[in-house]
Amino acid sequence: MKDAMTQAASNPMYHPASAPDFVPAPLLRKLQLDRLQAIVAHAYERVELFRQRLQSNALSPSDIQSLADLAKLPFTTKTDLRDTYPFGLFASSLKDIVRVHASSGTTGKPIVVAYTKDDVAVWTSVMVRSLATCGLHEGDIIQNAYGYGLFTGGLGAHYGAEGIGATVIPMSGGNTDRQIMVMKDFGVTAICCTPTYFLHLIDRASQLGVDLKSLPLRAGVFGAEPWTQSMRKHIESATNVAAYDIYGLSEIIGPGVAIECPCHNGLHIFEDHFYPEIIDPETGKVLPDGQEGELVLTTLSKWAMPMIRYRTRDITTLLPGSCPCGRSLRRMRRIGRRSDDMLIIRGVNVYPSQIEAVLLEVEGILPHYMIILTREHGLDQIEVQVEVTAQVFSDRVGTLEALSDKIMDTIERVVGIRIKVTLVEPQTIARSEGKAKRVIDKRG
Ligand code: DLL
């Protein structure tokens, strides 16, 4: 242990908060097993759904004698969170819960997640370790442009940035011109936001005549949606920003489940808190490292709402071999796609089924619609084209506009972002011969 730590500590990028990233694998596995046994026992005692599932499979917490035994336990899915809405999976009493967040469910209701004081401390610690991995420390000025609110991005990055001792500018999302002004005037050294929003900031800064290369901005912590190597190249050529990929999801904790290191070859998972498995999404069978499949995560140290074998729907691979940075934490390949139909628009999770549920409630609307995604100036745009009856379509223009405004308002209330709605004549939307195609993604 001493050797790995001494070696790590001599690296100029090393931050003391990163010490747990370098714990030798055998010690890490032992810690994981201890934590797994404790959390499974806690969930069994406190969460009815989990207890019933184990009992109906003739299992009990004492069946977990090794990390491999985890594969005996049933999966948890987003549907379980929906069915127990809002507090049914809480494993602590409300008096011990200091925070809740929420994220999109597959229909109208969000899914709710909870944290005790200790859970918030764990979350802060993994965010501190994430930012430390990106080379940030005391003295950095971090502009946090993730949305504050029920979304975990804002407060997650905020606590991490404060925890590392940096100066945090809690900008939240939007108000692009002001973001650029602050970035320039306050001497911002790092930014946290979705990668597409940063592309938009680059475009807007250029329109405003602000040369981002002349600013002290040197690191970007980008996540909450898939992005690509070519986006990284674009960011790194237009600015002096080293772009780091950060991954997380509300159900597990929020941002800070995994982070890229300066080697930029996969994201290190904070395995001492989140145990990863890769499964075949069709059969549920656990796959060995190196094979692509769906990421399943188990929280090892979250008490308010433990998640045992949560099916993330995110497709990735656990990379075999060690990373030159010396971290013992396993890496996953960046997430490029999901095994379900969830779309991520400007960092907001959107299910086509949420949009459909709103449309089907409106009189005069036909069940034929298409969701069209495009990207303009780096920002995702989403439009819904939906057929209306011939009678509605022949109404006055003002009536049609009022109807589409009403639908836009309702979708915004349900989904959380404003989506352009265009009403079209019957028979305009292409009919499909097989499975209905509801989404055209032209974002490239
Ligand atoms: O997006 C948490 C987060 C905030 C992560 C800020 C990173 C930065 P949710 O809103 O619950 O939580 O959405 C989680 O977003 O299952 C992935 O499909 C996707 N996602 C998150 N990070 C990445 C990433 C936050 N780096 C869902 N690359 C996840 C690709 C990502 N997809």
Side-chain angles (χ1 to χ4, degrees), residues 76-78 81-82 100-106 110-115 123 126-127 130-131 133-134 142-161 171-173 190-198 220-229 231-232 235 243-261 264 266-270 274 276 281 294-297 299 305 307 310-317 331-351 354 380 415-417 443:
T76 308
T77 62
K78 198 147 190 158
L81 280 106
R82 189 192 66 197
V100 291
H101 281 279
S103 162
S104 305
T106 46
I111 54 125
V112 182
V113 298
Y115 307 77
W123 189 12
V126 287
M127 277 309 298
S130 299
L131 299 179
T133 308
C134 306
I142 302 182
Q143 181 161 344
N144 185 14
Y146 284 122
Y148 283 65
L150 288 176
F151 176 53
T152 51
L155 285 177
H158 185 106
Y159 273 53
M171 290 298 287
S172 200
I191 184 156
C192 302
C193 63
T194 59
T196 49
Y197 189 58
F198 192 64
V221 188
F222 302 128
E225 63 186 9
W227 54 298
T228 57
Q229 195 55 27
M231 281 163 83
R232 185 203 302 284
I235 289 171
Y244 293 88
D245 192 356
I246 184 165
Y247 170 79
L249 61 165
S250 319
E251 296 89 321
I252 296 304
I253 207 151
V257 171
I259 186 79
E260 246 177 10
C261 70
H264 297 298
L267 287 79
H268 291 278
I269 302 170
F270 292 111
F274 317 111
E294 179 182 333
L295 177 67
V296 170
L297 290 167
T299 58
M305 197 170 156
M307 280 286 125
Y310 183 70
R311 288 191 63 163
T312 66
R313 299 289 172 186
D314 291 319
I315 302 292
T316 184
T317 307
R331 291 162 299 158
M332 64 176 202
R333 185 165 289 142
R334 72 186 323 146
I335 307 279
R337 64 191 173 91
R338 294 178 51 87
S339 70
D340 65 6
D341 58 353
M342 187 178 91
L343 307 167
I344 307 183
I345 313 294
R346 289 175 241 141
V348 177
N349 302 348
V350 177
Y351 285 93
Q354 294 174 302
D380 291 344
V415 173
I417 52 168
R443 290 178 295 178

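Atoms within each ligand, like the ligands themselves, are counted from 1 in listed order.
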Check: How far is atom 22 (N) of ligand 1 from its nearest protein heavy atom, and which residue and atom is that?
Finding: Ala224 N, 3.1 Å
Next item on the list: Might you point out which heavy atoms bring Ile259 and Ser130 nearest each other, and give the distance in Å?
Entry: CG1-O, 3.8 Å
Next item on the list: Let me see the working for Asp245 and Arg334 under salt bridge (Lys or Arg N to Asp or Glu O under 4.0 Å), right down to the final yes or no.
Entry: CA-CA 8 Å; Asp245 192 356; Arg334 72 186 323 146; 3.7 Å; yes
Item checked: With Asp314, the salt bridge (charged side-chain N to carboxylate O under 4.0 Å, His left out) member among Arg333, Arg338, Lys78, Arg337 -> Arg338
Item checked: Protein contact to atom 11 (O) of ligand 1 [nearest heavy atom, distance to 0.1 Å] -> Ser250 OG, 2.6 Å
Next item on the list: With sequence neighbours left out, write down each residue that passes ring-ring contact (aromatic ring centres under 6.0 Å, His included) with Phe198, or none if nothing qualifies.
Entry: Phe222
Checklist line | Main-chain N/O of Ser250 paired with Thr152 side-chain donor or acceptor, under 3.5 Å | finding: no
Notebook entry, point to check: Counting each atom of ligand 1 from 1 as listed, which ones have a heavy atom of Phe151 under 4.0 Å away?
Noted result: 1 (O), 4 (C), 10 (O), 25 (C)
Checklist line | Region of Asp314 that comes within reach of ligand 1 [heavy atoms, distance under 4.0 Å] | finding: side chain
Item checked: Step-by-step side chain to side chain donor-acceptor pair (under 3.5 Å) determination, Glu260 to Thr133 -> CA-CA 7 Å; Glu260 246 177 10; Thr133 308; over 6 Å; no
Note to self: Aromatic contact between Tyr146 and His158, with the criterion being ring centroids under 6.0 Å apart: yes or no?
What the structure shows: no
Notebook entry, point to check: How does Ser103 reach ligand 1, by side chain, by backbone, by both or by neither, if only non-hydrogen atoms under 4.0 Å count?
Noted result: side chain
Margin query: Show the atoms of ligand 1 that are less than 4.0 angstrom away from any heavy atom in Ile344.
Written below: 15 (O), 18 (O), 19 (C)
Next item on the list: Taking the side chain as every heavy atom from C-beta outward, state whether Leu249 and Leu297 have any atom pair closer than 4.5 Å.
Entry: yes
Next item on the list: Heavy-atom contacts with Gly153 under 4.0 Å: which atoms of ligand 1 show up? List them by number with element.
Entry: 4 (C), 6 (C)
Item checked: Asp245, portion touching ligand 1 at heavy-atom distance under 4.0 Å -> side chain
Next item on the list: Starting from atom 24 (C) of ligand 1, find the nearest protein heavy-atom neighbour and note its residue, name and distance.
Entry: Glu225 O, 3.6 Å
Next item on the list: Measure the distance from atom 13 (O) of ligand 1 to every protein heavy atom, then report the residue, atom name and distance (to 0.1 Å) of the closest one.
Entry: Asn349 ND2, 3.1 Å
Notebook entry, point to check: Which protein non-hydrogen atom lies closest to atom 25 (C) of ligand 1, naming both residue and atom, and how far is it?
Noted result: Gly248 O, 3.6 Å
Next item on the list: Flag the pair Trp123 / Tyr115 as yes when their ring centroid distance falls below 6.0 Å, and as no otherwise.
Entry: yes
Check: Would one find an N or O of Arg338, backbone or side chain, under 3.5 Å from an N or O of ligand 1?
Finding: yes
Notebook entry, point to check: Side chain, backbone, both or neither: which part of Thr194 comes within less than 4.0 Å of ligand 1 when only heavy atoms are counted?
Noted result: neither
Item checked: Under-4.0 Å heavy-atom contact with ligand 1, by part of Leu267 that carries it -> neither
Notebook entry, point to check: Atoms of ligand 1 less than 4.0 Å from Ile335 heavy atoms?
Noted result: 30 (C)
Check: Considering only heavy atoms, does Arg313 approach ligand 1 within less than 4.0 Å through its side chain, its backbone, both, or neither?
Finding: neither
Next item on the list: Give a yes or no on this: more than 12 heavy atoms of other residues, nucleotides or ligands lie within 6.0 Å of atom OH of Tyr159.
Entry: no
